[in-house]
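Notes to accompany the following structure.
Numbers for residues simply follow the sequence, beginning at 1. Note that the structure is a prediction, hence the values are computed from the model and not measured.
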Amino acid sequence: MTKCLWTVICAIIAAAPASATITYHITARVALTPPLVQVDMSFKLPRAECIKLEAPAWSPGDYQLQHFGKYILSLSATTGSGLPLKVSRGRLPDEWRIACGNPGMVHVQYFVPNEPPGNFSQNVQLTKNLLFINGPAALLYVRGRKEESCQLTVTIPSGWQVSSDLPSQGGEHLHRLHAADYDQLADAPLVAAPRLLIYHFTDHGCRYSLVFYHHLASLQNPARWVSVFHRIAHAENDLMQITPYTHYHFLLDVGGGLGGLEHLNSCRLAYYPGLNASQYAPFVAHELFHSWNVKRLRPAVLGPFNYQQPAKTRCLWFAEGVTEYFAWIACRRAGLISVPQFESHFRGLIARYIANPARNRVSADTASLMVWSTRSSNGYQGVSYYDQGELIALCMDLTIRHLTDQQQDLASLMRLMYNQYAIPKPGYHLNDIATALQVVTGKSLTRWFMQLADSTAQLPLQECLSYAGLDNNLTPIQASSKETDLRTAWQR
C-alpha cells in the first residue's frame, strides 16, 4: 500500500474480553477506488440455528426511513475455523439469514461505501483524509441480541487520530472501544482523520471535548469557542440540576453542512467559519439539551429502539420544540444573547405562526405523528413541530410561573419528568406531560394542555404573554409589579 501504512493491531477479534460478546472491527480502506469501510463482526452461537442479521432502517433523531441495508456490499460469513456459511437475503429489505449447522464462533465480513447523508448528519463518509461513521448506517446487529455488550476496534492509516465518546482502551495505535449494548454502540458516532483539532473543558464534574475535523485550514481562532460552549453547558447543567454523563463530545464538522444530530454522549454539528457566538450558540445549545430531552427523557417508543419500524409518537413537538425553547433560555442565562435578541427570536416565531394557515389544519401532535410520511424530519403539511412545540413551551413556562408565583417554571416540569421517565425507565406518553403539569402547578390543566398539543385551536399566546406584561409583539403593556417581575425573571 505504498505511502499508506496501516495500523497494525494484534489479536483484534479473538482477544476480545469476555465481557464483550459481540465484536466489530472497522478498517478504513482508503486506498481502494472507491474507498470502502470494511466491517468484520464476530460472535458466538451457543447452539446450531439460523440467525438473522439486520441493518437499521432508520437512524435515531432522523425520522425518515433510509434502509441502510441496501448499501451493504459482499456480505459473507464463516465458522471459527474458516468454513463458509450459507448466507441469503431475508424477507425484510435490511435482513440476512445465516445457516449455522453447529454451535461456535461466527465471523461476518461486509463492506460499506460512502452513503447519502440523512437530514441532519453524514452517515458513512470515507475519503483519503476523513472517516466519519454514524453507527446505524454501518453496523449490523444480530436479531434478538442487541442487549449484549459490544467491542469496536478501528484500523486506520498510520498517523490518523480517532475520536468517539465510547470508553476506549489502547494507545496511539490501538483503538478499542466498548459499549454496553448495540444501542449505545450505534449511538456513538466515530470520526478519524490525519488531524483532529481538540479542546477540552470541565463543568459540573463532566469533561467536554470540542473536536474540529474536516476543513481545518478554514478555521480562525477556534479556541475562542471553548468559553462559549462552556457557558452553554454550565447554563443547561444548572437548569436541569443533574449532569447525565461523565464525558461529552462536540463533533464539529467544519464546512460540513446538514445541521446537527444528537447522540447519547455527543453530537455532530455542522460548523461554518465566520459565525459569531450569538448566531451559533442556540444551535449548539439545542443539540446539547437533547442529552436530557430525547436521549434520556424520551417518548416511550424511542428506546429501546426498533430499528426496522418507524418510531411513531405524538410527542416530537415536546422532544424538539421544547428542546429549542430551552436552547434559547440557556443562551440567555449564559449571557450569549441579549434581551433584544431573545425577544426578537420569539417575536419572529409568533409572527410565522400567526401567518401560517396550516396551523388551522394540523396540530402539533399530528405533525409529530405524521412526520414519517415526509422526508423533512421537522413536520407535516406545513406545520413544524419545532416551531409549534417551542411556542407551546413558551405558553407552558409563562403559565406555570404565573400560577405558582414564580415558585415553579418549565424547568421544574422537565426535572420532574426526568426523574420519573428518563432511562432506564420506559419513557412517557402525551398524557404524562399533562400529569406533570398538574403536579408542578397544583392545578388540573389537562383540557388546557390538550388544546395546546392536540388541537388546531389557536395557541393562547396573548393571554400567556400578558402574564409577563407583554403583547404578541413582545412589546411591554401596562402591567402589575407581579407581571414585570415575571418578565424580568423569564428574560434574565
Would you give me the side-chain donor-acceptor pairs under 3.5 Å for residues 425-433, sequence neighbours excluded?
from: K425; atom 1: NZ; to: N419; atom 2: O; distance (Å): 2.6
from: D432; atom 1: OD1; to: Y421; atom 2: OH; distance (Å): 3.4
from: D432; atom 1: OD2; to: H429; atom 2: N; distance (Å): 2.7

In terms of the angle between their ring planes, are F68 and Y71 parallel, tilted or perpendicular, with boundaries placed at 30° and 60°? tilted
Does a side chain donor of either [X] or [Y] reach within less than 3.5 Å of an acceptor in the other side chain?
| X | Y | answer |
| --- | --- | --- |
| Y24 | Y141 | no |
| E390 | H345 | yes |
| Y307 | D183 | yes |
| S412 | Q408 | yes |
| T323 | N293 | yes |
| D165 | H249 | no |
| W225 | Y280 | no |
| T488 | D485 | no |
| S121 | D62 | no |
| H286 | H290 | yes |
| E115 | Q122 | no |
| R359 | Q458 | yes |
| S363 | T366 | yes |
| Y325 | D397 | yes |

Does R447, at its CZ atom, have more than 12 non-hydrogen atoms belonging to other residues, nucleotides or ligands within less than 6.0 Å? no
Is it true that, when you exclude R361 itself, more than 12 heavy atoms of the residues, nucleotides or ligands shown sit nearer than 6.0 Å to its CZ? yes
With rounding to the nearest 0.5 angstrom, report the [atom1] to [atom2] distance, [X] to [Y].
| X | Y | atom1 | atom2 | answer |
| --- | --- | --- | --- | --- |
| Q66 | N134 | CD | CG | 8.0 Å |
| Q151 | T21 | CD | OG1 | 10.5 Å |
| L369 | L316 | CG | CG | 9.0 Å |
| M396 | D409 | CE | CG | 11.0 Å |
| D387 | W317 | CG | CH2 | 14.0 Å |
| T456 | Q451 | OG1 | CD | 10.5 Å |

Are side-chain heavy atoms of K482 and H402 found at a separation under 4.5 Å? yes
Check the pair Y248, F250 against ring pair (Phe, Tyr, Trp, His ring centres under 6.0 Å), reporting the backbone distance first and the verdict last. CA-CA 7 Å; Y248 190 92; F250 297 97; 4.9 Å; yes
Of P56, P60, P136, which meets side-chain contact (heavy atoms from CB on, under 4.5 Å) against F305? P60
Is there a donor-acceptor pair closer than 3.5 Å between any side-chain N or O of [X] and the backbone N or O of [Y]?
| X | Y | value |
| --- | --- | --- |
| N473 | T475 | no |
| S344 | P340 | no |
| Q420 | M417 | no |

F342 and W490: ring pair (Phe, Tyr, Trp, His ring centres under 6.0 Å), yes or no, with the steps? CA-CA 10 Å; F342 184 75; W490 176 58; 4.9 Å; yes
Evaluate the salt bridge (charged side-chain N to carboxylate O under 4.0 Å, His left out) criterion for residues K146 and D181: first the C-alpha distance (whole Å), next the side-chain angles of each, then the deciding distance (0.1 Å), finally the verdict. CA-CA 6 Å; K146 294 200 309 293; D181 53 27; over 6 Å; no
Residues 209-222, side-chain donor-acceptor partners within the protein, below 3.5 Å, at least two apart:
from: S209; atom 1: OG; to: H200; atom 2: ND1; distance (Å): 2.9
from: H214; atom 1: ND1; to: D253; atom 2: OD1; distance (Å): 2.8
from: S218; atom 1: OG; to: H215; atom 2: O; distance (Å): 2.8

Go through the steps for Y208 and Y245 under the test ring pair (Phe, Tyr, Trp, His ring centres under 6.0 Å), then give the verdict. CA-CA 10 Å; Y208 295 82; Y245 38 67; 5.8 Å; yes
